[in-house]
2 protein chains.
Amino acid sequence: MKPTDRKTEIINVAARLFKEKGYSAVTVRDIAQAMNIKAASLYNHIASKQEILVLIVITIAEEFTTVMEEVQQSEASAIAKIERIIQLHIDITLRNPDALACLNNDWMHLEQEADLKYFLKMRTDYEENFRQIVKVGVQNGEIQHRNPEVIIFSILSTLRTLYLWYNKTKSLSETTLRNDMRNVLLEGITVNAR
Amino acid sequence: MKPTDRKTEIINVAARLFKEKGYSAVTVRDIAQAMNIKAASLYNHIASKQEILVLIVITIAEEFTTVMEEVQQSEASAIAKIERIIQLHIDITLRNPDALACLNNDWMHLEQEADLKYFLKMRTDYEENFRQIVKVGVQNGEIQHRNPEVIIFSILSTLRTLYLWYNKTKSLSETTLRNDMRNVLLEGITVNAR
DNA sequence: TAATTTAACTAACAATTGTTAGTTTACGAT
DNA sequence: ATCGTAAACTAACAATTGTTAGTTAAATTA
C-alpha cells in the first residue's frame with residue numbers, strides 16, 4: 001500500500017474543486033486537469049463521478065455520527081458535551097475543510113436514494129442528539145431558557161461553516177480559535193450578561 | 001404594470017430551484033417546467049440564465065449594503081448596532097429565503113468579472129463594517145476581549161444560514177426567533193457567564 | 001527474461017446543456 | 001376591424017457532459 005494511493009488523491013483533488021464551485025459545476029475533465037491526466041484515465045480508479053461524492057460525504061458524516069454517539073453516552077454535563085462537540089467540529093474542519101464543504105453544500109446531489117436516506121438519517125440523528133443535550137441542560141439549570149432550535153442551530157451553523165473563514169486570518173492561531181470559539185458560543189459577547 | 005410581471009415570476013421560481021439544487025444543477029428546462037411553459041419561452045422575458053442569477057444576487061447584496069451603511073453611520077452603541085444587524089438578517093430571511101440561499105451558495109457562479117467583483121466588494125465591505133463595530137465595542141468595554149474574526153463569523157454564520165432552519169419548527173414564532181436569536185448571539189447560552 | 005499489473009492514453013458515444021430562429025395565438029388599444 | 005404587442009410554441013444548433021472501448025507504456029513480480 002502506497003502512502004496515498006491514486007484514488008485517495010483523486011478524492012482529495014475533487015473535494016477541493018467541489019468546495020470551490022460545487023459538485024454540479026465541476027466536470028470530470030476539471031478533476032482530470034487538476035491531476036494532469038485525461039478524464040478517461042480517472043475511470044481506472046473510480047467507478048463514476050458520483051462515487052467520489054458518496055465517499056467524501058458519507059465518510060465525514062460517519063465520523064461525526066460516531067463521536068456524537070460517544071458524547072451522548074458519556075456522563076458529562078450538558079455544557080461539557082457541547083464543548084466536546086465544538087472541539088469535534090474544529091478538529092474535522094482543520095483536518096479536512098474541503099470534505100466538510102462538500103458535506104454542507106453537495107449532499108443533495110447524492111443520486112442513490114439509499115445514500116441520500118442514509119446521510120439524512122445521520123444528520124437528523126445528529127441534530128436530535130444535540131437537541132436532547134440542550135433540553136437536559138435547560139432542565140437542570142445549566143443552560144438558559146431559550147428556544148432549543150435557536151440554540152442548536154446558532155451553534156451548528158457557526159461550526160458547520162467554520163471552513164469558510166477559519167484560515168482567512170493568520171492572526172488566528174488554533175489555540176485562540178478553540179478558546180474564543182468556545183467562549184463566544186457558550187457565553188456570548190456582551191460584557192454584562194447580567 | 002401588472003401586480004407581478006412575468007420576469008419577476010421567473011426570478012422567484014428560479015430562486016426557489018437554485019435554493020434546492022444550486023445554480024449549476026438547475027437547467028433552464030427545470031425552470032420552464034416549474035412554470036408550465038417551454039424552455040425557449042423563458043427567453044421572451046430574460047436574456048440568459050445568468051441574468052437571473054445576477055438579478056437575484058446583486059439585488060439582495062445591495063439591500064444588505066444599504067442598511068449596513070446606515071447602521072455604521074448612526075450613533076448607536078456597538079451592541080445596538082449589532083442588534084440592528086441581527087434584525088436586518090432576520091427581516092430579509094423571512095421575506096426572501098430563496099434569494100438568500102442564492103446569495104450564500106451561488107455567488108461564485110457570477111460569470112461576468114464585473115458582477116463578481118462588485119459582489120465581492122460589497123461582501124468585503126460588509127464584513128469590514130462589522131469588524132469595525134466589534135473593535136469599537138471591545139475598546140469601549142461593551143464587548144468581551146475575543147478575537148474579532150471569531151465574533152464576526154460566529155454571528156454572521158448563524159444569520160447567513162438562518163434560511164436553512166427557521167421554518168423547520170412551527171413551535172418557533174417570529175417573536176421568539178427575534179428575541180432568542182438576539183439573546184443567544186449576544187449573551188450566550190450558559191447560566192453562569194461569570 | 002517473461003508475465004502481469006498499473007495507470008496512462010486516444011477516440012468516440014449518447015445525452016443534456018443554454019440558446020436562437022421563426023412562427024403562432026390571444027388580447028387590449030386604436 | 002385592424003394593429004401591435006405579449007407570450008407562448010416547435011425545431012434545431014453547437015457545445016459540453018459523464019462514460020466506455022480499446023490500446024499502450026512503464027513498473028512490478030514470477
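Hydrogens, waters and symmetry mates are skipped; everything else that's a heavy atom, side chains included, is used. Small disclaimer: the values here were computed from a predicted structure and weren't measured. Below, chain A is the first sequence line, B the second, and so on; all start at residue 1.
Every residue two or more places apart in sequence or in another chain that forms a ring pair (Phe, Tyr, Trp, His ring centres under 6.0 Å) with A:Phe119 is listed here: A:Trp107. Taking A:Phe18 as the reference, A:Tyr23 meet the ring pair (Phe, Tyr, Trp, His ring centres under 6.0 Å) condition, with sequence neighbours excluded. By the salt bridge (charged side-chain N to carboxylate O under 4.0 Å, His left out) test, B:Asp180 is found to be paired with no residue, residues two or more places apart in sequence or in another chain being considered.
Atoms CZ and OG1, from A:Arg160 and A:Thr158 in turn, are 11.0 Å apart once rounded to the nearest 0.5 Å. The CG atom of A:Asp30 sits 3.0 Å away from atom OG1 of A:Thr27, with the distance rounded to the nearest 0.5 Å.
Sorted by residue number, the members of residues 29-38 of chain B with any non-hydrogen atom under 4.0 Å from DNA chain D read B:Arg29, B:Ile37, B:Lys38.
Note: CG (B:Asp5) to P (D:dA8) measures 12 Å, nearest angstrom. Rounded to whole angstrom, the span from the OH atom of A:Tyr43 across to the C1' atom of C:dT10 amounts to 16 Å. Atom pair A:Glu111:CD and D:dT17:C1' shows a separation of 13 Å (rounding to whole Å applied). Nucleotide C:dT10 holds its C1' atom 15 Å from the CG atom of A:Leu42, rounded to whole Å. As rounded to whole Å, 12 Å separates atom C1' of C:dA7 from atom CD of A:Glu9. In this entry the distance linking CD of A:Glu51 with P of D:dG18 reads 15 Å, nearest Å. To the nearest angstrom, C1' of D:dA8 lies 9 Å from CZ of B:Arg6. The separation between B:Ile10 atom CD1 and D:dA6 atom C1' is 12 Å, rounded to whole Å.
Note: A:Phe64 and A:Tyr126 have perpendicular aromatic rings, judged against thresholds of 30 and 60 degrees for the angle between ring planes.
Of the charged side-chain nitrogens involved, at least one lies within less than 4.0 Å of a carboxylate oxygen, so that A:Glu51 and A:Lys7 count as a salt-bridged pair. One finds a salt bridge joining A:Glu187 and A:Arg182 here, because a Lys/Arg side-chain nitrogen approaches an Asp/Glu carboxylate oxygen to under 4.0 Å. At a threshold of 4.0 Å, the pair B:Arg95-B:Glu63 counts as salt-bridged, since one of the basic side-chain nitrogens sits closer than that to a carboxylate oxygen.
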Using a cut-off of under 3.5 Å, enumerate the N/O to N/O pairs linking the protein to nucleotides 25-28 of chain C.
none

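Dense packing is recorded around CD of A:Gln132, with more than 12 heavy atoms of other residues, nucleotides or ligands lying under 6.0 Å away.
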Q | Sequence-aligned protein contact record of nucleotides 21-27 of chain D, with B where the base is within under 4.0 Å of a protein heavy atom and S where only the sugar-phosphate is | A | B------
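Regarding contacts with the backbone of C:dA8, a side-chain N or O of A:His45 is found under 4.0 angstrom from either OP1 or OP2. The phosphate of D:dC9 has OP1 or OP2 within less than 4.0 Å of a side-chain N or O from B:Ser41.
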**Q.** side-chain hydrogen bond (donor to acceptor under 3.5 Å, both in side chains) between B:Asn147 and B:Glu149, worked out
**A.** CA-CA 6 Å; B:Asn147 184 290; B:Glu149 302 306 306; over 6 Å; no
